[in-house]
Amino acid sequence: MLDTAAEPTSDPRPAIVICAWDKGERAWDPVEDLSGVPWSPPGARTVPVAAAEPEALAETLSAHLADKRTRALLLIGRSQRGDDFRLQLRAENRTLGGAARMDEVGPGVARSTAPVADIVRALKDAGLAASATSEAEDDAGSFLLYSVLAHLDEVADTPAVGLLRLPADESPAAVTKAVKAAAQAMARHLSPARGPANFRDGDVEAGRPADRPGP
């Protein structure tokens, strides 16, 4: 997946960041035609973020969510368990590999802020087998989910952050249908984007706040 430049700040649509964390994932392509414009659900705009090393990717995703125009994040990646699409409800405070705590002062568990029930319903309405699970997998997806949730500001209007796990052998067509259904369900819960806060256009995509000098 490709990072895209920030939309003009006059665009009132809230942004949904979509990130397939595995560099080898090819089933989801955000750009469907020759326009080069990523697909977006009604009432929102999507911002695809490319896969990267987990620690760096966590920083980039947190930077996106610090921009008040970004109201949701959908992480997508393969599961090694089960044969249905699953929304992971929580992630544990563990390092990659699970050998130790990631954050010594952070909570033991971070819970998804996405509208899980509505997403599962949307997936089923699209003809896909889907469920929600509290069972976390020991991989970069769980690491990213915890990292992003643990660094969210404690505000009333918390961004929706969710993790959609794809069956290991699912087809690109089914994956595309699932990602679109999930994003549409998230978009229905979002209010118009607020103005930028401490970010210049382009800084979010680099994961760099505006008040921090560039490289």
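Note that these values count all heavy atoms, side chains included, but never hydrogens, waters or copies made by symmetry.
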Heavy-atom closest contact ([X] atom, [Y] atom, distance):
X: Leu57; Y: Ala50; value: CD1-O, 3.5 Å
X: Ala20; Y: Glu25; value: CB-CG, 4.1 Å
X: Ser134; Y: Leu89; value: OG-CD1, 3.6 Å
X: Ala185; Y: Asp118; value: CB-O, 3.9 Å
X: Pro54; Y: Leu144; value: O-CD2, 3.4 Å
X: Thr46; Y: Pro41; value: CG2-CD, 3.6 Å

In terms of hydrophobic clusters joined by side-chain contacts under 4.5 Å, are Leu96 and Val109 together?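 Result: no, two separate clusters.
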
Full working for side chain to side chain contact (heavy atoms under 4.5 Å, CB included) between Leu163 and Ser112: CA-CA 8 Å; Leu163 189 160; Ser112 170; over 6 Å; no

Can you tell me how far apart [atom1] ([X]) and [atom2] ([Y]) are? Round to the nearest 0.5 Å.
X: Asp83; Y: Asp169; atom1: CG; atom2: CG; answer: 10.0 Å
X: Arg165; Y: Glu170; atom1: CZ; atom2: CD; answer: 15.5 Å
X: Lys124; Y: Phe85; atom1: NZ; atom2: CZ; answer: 13.5 Å
X: Thr133; Y: Leu87; atom1: OG1; atom2: CG; answer: 10.0 Å

List the steps and the verdict of side chain to side chain contact (heavy atoms under 4.5 Å, CB included) for Val148 and Leu65. CA-CA 9 Å; Val148 171; Leu65 290 170; 3.2 Å; yes

Between the side chains of Glu137 and Arg86, is the shortest nitrogen-to-carboxylate-oxygen separation below 4.0 Å, so that they form an ion pair?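 Glu137 and Arg86: salt-bridged.
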
State plainly whether the residues Arg71 and Asp157 are in salt-bridge range, i.e. N to O under 4.0 Å.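 Answer for the salt bridge query: yes.
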
Show your reasoning for whether side-chain hydrogen bond (donor to acceptor under 3.5 Å, both in side chains) applies to Ser142 and Glu92. CA-CA 7 Å; Ser142 294; Glu92 297 180 355; over 6 Å; no

Any donor-acceptor pair under 3.5 Å linking the side chain of [X] with the backbone of [Y]?
X: Arg26; Y: Lys23; result: yes
X: Thr70; Y: His64; result: yes
X: Gln88; Y: Arg90; result: yes
X: Thr113; Y: Val161; result: yes

Are there more than 12 heavy atoms of other residues, nucleotides or ligands under 6.0 Å from atom CG of Asp22?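 Counting neighbours around CG of Asp22, more than 12 heavy atoms of other residues, nucleotides or ligands fall under 6.0 Å, so yes.
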
Is it the case that more than 12 heavy atoms not belonging to His151 sit under 6.0 Å from its NE2 atom?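 No, NE2 of His151 has 12 or fewer neighbouring heavy atoms, counting only those of other groups under 6.0 Å.
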
Sort out for me which residue in Leu75, Ile18, Thr60 forms a side-chain contact (heavy atoms from CB on, under 4.5 Å) with Val49.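 The residue from Leu75, Ile18, Thr60 that satisfies side-chain contact (heavy atoms from CB on, under 4.5 Å) with Val49 turns out to be Thr60.
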
Evaluate the criterion side chain to side chain contact (heavy atoms under 4.5 Å, CB included) for residue pair Leu149 and Arg111; output intermediate values, then yes/no. CA-CA 7 Å; Leu149 289 170; Arg111 301 185 184 279; 5.8 Å; no

Residue pair Trp39, Lys180: steps toward the side chain to side chain contact (heavy atoms under 4.5 Å, CB included) verdict: CA-CA 9 Å; Trp39 170 86; Lys180 286 185 174 182; 3.7 Å; yes

